[in-house]
Amino acid sequence: MAELREELKEKLIEQLSLEDVEVSEIGDNDPLFGDGLGLDSIDALELIVLLEKDYGIKLKDPKEGKAIFESISVMADYISKHRTK
Amino acid sequence: MNKGIAITGMGIISSIGNTVEENFDALKSVSHGISRIEMLKTRHSEEIMVGEIKKTNNDLEKVLGLKPLHTFSRTAMIGTIAAKEALQNAQISDVNEYRTGFVSGTSVGGMDTTEKYYLEYAEREENRRFIQAQHAGFTTLSISNYLGINGYVSTISTACSSAANAIMLGARMIQAGKIDRMVVGGTDALSKFTINGFGTLMILSDAECTPFDDNRKGLNLGEAAAYLVLESDAIVKKENKKVLGRVAGWANANDAYHQTASSSDGEGAYLAMRKALKVADMTAKNIDYVNAHGTATPNNDLSEGVAMTRIFGEENTPVFSSTKAFTGHTLAAAGSVEAVYSLLSLRENLIFPNLNFKTKMKEFSLVPQTELVAKEVNTILSNSFGFGGNCSTLIFTK
Amino acid sequence: MSDCFINGIASISAQPTTDPDTFLEDIISHKEAIFRSHDPNYKEYIKPAAMRRMSKSVKMGVTTASMALNNSGVEMPDAIITGTGMGCKQDSEKFLENILNNDEQFLTPTLFIQSTHNTVGGQVALGLGCKAYNVTYVQGAASFETSVMDAQLMLSEESEINILVGGIDEIAKNSTLLHKLDGQIKEDDIDVIKLLDSDTPGTVASEGATFMVLGAETDKSLAKVINVETISEGTPLEIKASIEKFILNQGLSVEDIDAVVLGNNGDVGYDNYYNNLQSSIFSDKEQLCYKHLIGDFHVASSFGFWIGCKIFETNQVPAILKVNDISAKKYNNILLYNQYLGKNHSIALLQRC
């Protein structure tokens, strides 16, 4: 699981062009949206595509993303339970 | 009240008809143009509904009598068809008799040809003539050349408010005496680019769209072109021209909130409506009907609805409807498509319905007009909003 | 017609043009047919959080907009008008390629959102929190001029306002190469400084942005925009007649013009539009060209406005711009003319203020 969390942090930085952010700066339980990493609704859509492309998880409604993308830990939990690849 | 600029001609092609009168017949008989996509190959064809013009590019070429090896994209062809009808409708045979300009709105220009040939340009020479045709400005020049207009020609590309801004520019230039006559409007053909683009935003509905409904799931894309002929009062008087209506108010404001989403208080839309009323020298009470932008995305309809309650008061909002459920969201053309429908409303004293509405939204008590209804209509306010926070409002009068 | 003054201007181009204290003193010699702009440090102008999704044209546009506003002392403009020939081509191209190469799957929204022509105008508004009028013109080589015309019209409707007007175009890897395929760009690389002597078809391509603040006269005014006109198509003879008529319409005669800034781009197919003027009505004028320095792109002609302002400011003309031996005695009226492939002609007249 720790490995998946690291992997997600790297993917986040790359996919969302967070050029000035280091993997070590993202805490496992830091909120990704709002006060935490400061991601926005466009980032949420990017992450939905990331779930589908890299882990074979397809979300129908963008609203579902809100709970899943709460933090790296929550995301990693969700992915490990639902991944198809 | 601002007397406004005379509209002496209109032309349109959309999924509900190839001419103004065909569009009117469909509106009057409440017959929408939303279907599965057939003219364009996309892997999403089973997931989306669109407002598609059921003519192949070959059909369109024949209508216009284009020669082989022409450089018209689908966007340019439907644009030419509509602009030509507008000039005929205004009974103009010699476009250069007066200082005449052309302003067209488009979002993707000739993207429909680009996406068809892009990967083979390197190997095959025959289609390279379409490389330039991708550009929005090239689309506009294709149309203006066909019409014989070669003075002031420009293209406005402010996403889904483009045509509304083109109409506004034409009215301003005539009002300032810079030009005598303007053909203004917009054109956009369906393309994989826009289908997939709106797809990534997850705002495409898999069923017929339901503007202002609490359970709305998103928009249906559409393709269309529509143009108006605006003329100075001097020409109208001299030629004893029939006036279809007037553009009496116009405004453009920016939401400056988010790149694509509208603010929850509808600030940009509110500012645009308020400024347009001021230009028209009217108050909110003067408006008989609002042709809303109403795309049926959760975000737009909420933001626009809130802005309307701020302008009119929640209890005093005039009768309103979105005609997007007839045509789909025709992007850059939406402002001129709805301008034509507004002129038909003024002519016929009819309000065209907001189809597919069932449940009132939770956030306010606004309910759109859901049936075709006869009502005396003298002033119409029409909204068009686009990416980049662009909000435009036009006011039409009899 | 109300008065329209340039009260601030800034330009990013393939030359170092962002230092307000220099005027083409150090010239970069480009040797390719496609070359990039000379960039300032964008981080000084744009916050990292805002920058992460910005393509080149957005960075260039937001930066020059901010420089021009600074230059003019205006904090919040009353309108933002942008012109671009191709829009945000880089993101547009990437999104298109993803659609075609991945069979319409796994697409993400950022590229699409950034692909619209009005992205720069929207981003400038968002950065400033500017809720005013905001429009984008896309008319090939006349994109910048049609934007200036709208601003001028707006100043005639309401005189006490400040309008931010800009032009932006960027190189995109594959789409720009397509312009080589269809002959718009020269087939072989070239010593760009010698572009105007070339005897081959096509030109050289680059990128850049120019923003100006237009408004009523202030103590910062750099030039007065007397008028701007665009003509979508015409023959060299028709264009010459239009230019003569344009000058007369401003209450001036050809004699009143001190220098002309022309858009020659080394394309043997179309430079005759300029040559025809250079050997006739402009034969006794100081003639200046700039595309052998900054390349050609749809809003390259905005650089002519920058040159005009610099000449009024410094009363000097860098020798590298001059294409004939005539030197004007004074610089009061400078005429700009540009076209591309015989289309989207623009004429503008700048006056010292």
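Quick note on labels: first sequence line is chain A, next is B, and so on, each numbered from 1.
- A donor-acceptor contact shorter than 3.5 Å links the side chain of R52(C) to the backbone of L16(A).
- Contact annotation for I113(C): only side-chain heavy atoms (C-beta onward) come within less than 4.5 Å of a heavy atom of chain A.
- When the shell of 6.0 Å around CG of N41(C) is examined, it contains more than 12 heavy atoms from other residues, nucleotides or ligands.
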Original post:
Yes or no on side-chain contact (heavy atoms from CB on, under 4.5 Å) for K53(A) and N102(C), after CA distance, side-chain angles and deciding distance?
Top reply: CA-CA 11 Å; K53(A) 195 175 169 186; N102(C) 300 331; 5.5 Å; no
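- Atom CD of E14(A) has 12 or fewer heavy atoms from other residues, nucleotides or ligands within 6.0 Å.
- Atom NZ of K43(C) is surrounded by 12 or fewer heavy atoms from other residues, nucleotides or ligands within 6.0 Å.
- From E52(A), atom CD reaches atom OG1 of T108(C) across 12.0 Å, with rounding to the nearest 0.5 Å.
- Between chain C and the residues L18(A), V21(A), L45(A), the largest count of heavy-atom pairs under 4.5 Å involves L45(A).
- Within 6.0 Å of NZ on K58(A) lie no more than 12 heavy atoms contributed by other residues, nucleotides or ligands.
- With sequence neighbours excluded, the residues forming a side chain to side chain contact (heavy atoms under 4.5 Å, CB included) with K60(A) are E64(A), listed by chain and number.
- Residue I48(A): no heavy atom, backbone or side chain, is found under 4.5 Å from chain C.
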**OP:** Kindly determine whether K47(C) and D20(A) satisfy salt bridge (Lys or Arg N to Asp or Glu O under 4.0 Å), including the steps that lead there.
**Re:** CA-CA 11 Å; K47(C) 289 190 197 113; D20(A) 293 342; over 6 Å; no
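- Side-chain contact check for T110(C) versus I42(A): some heavy-atom pair is nearer than 4.5 Å.
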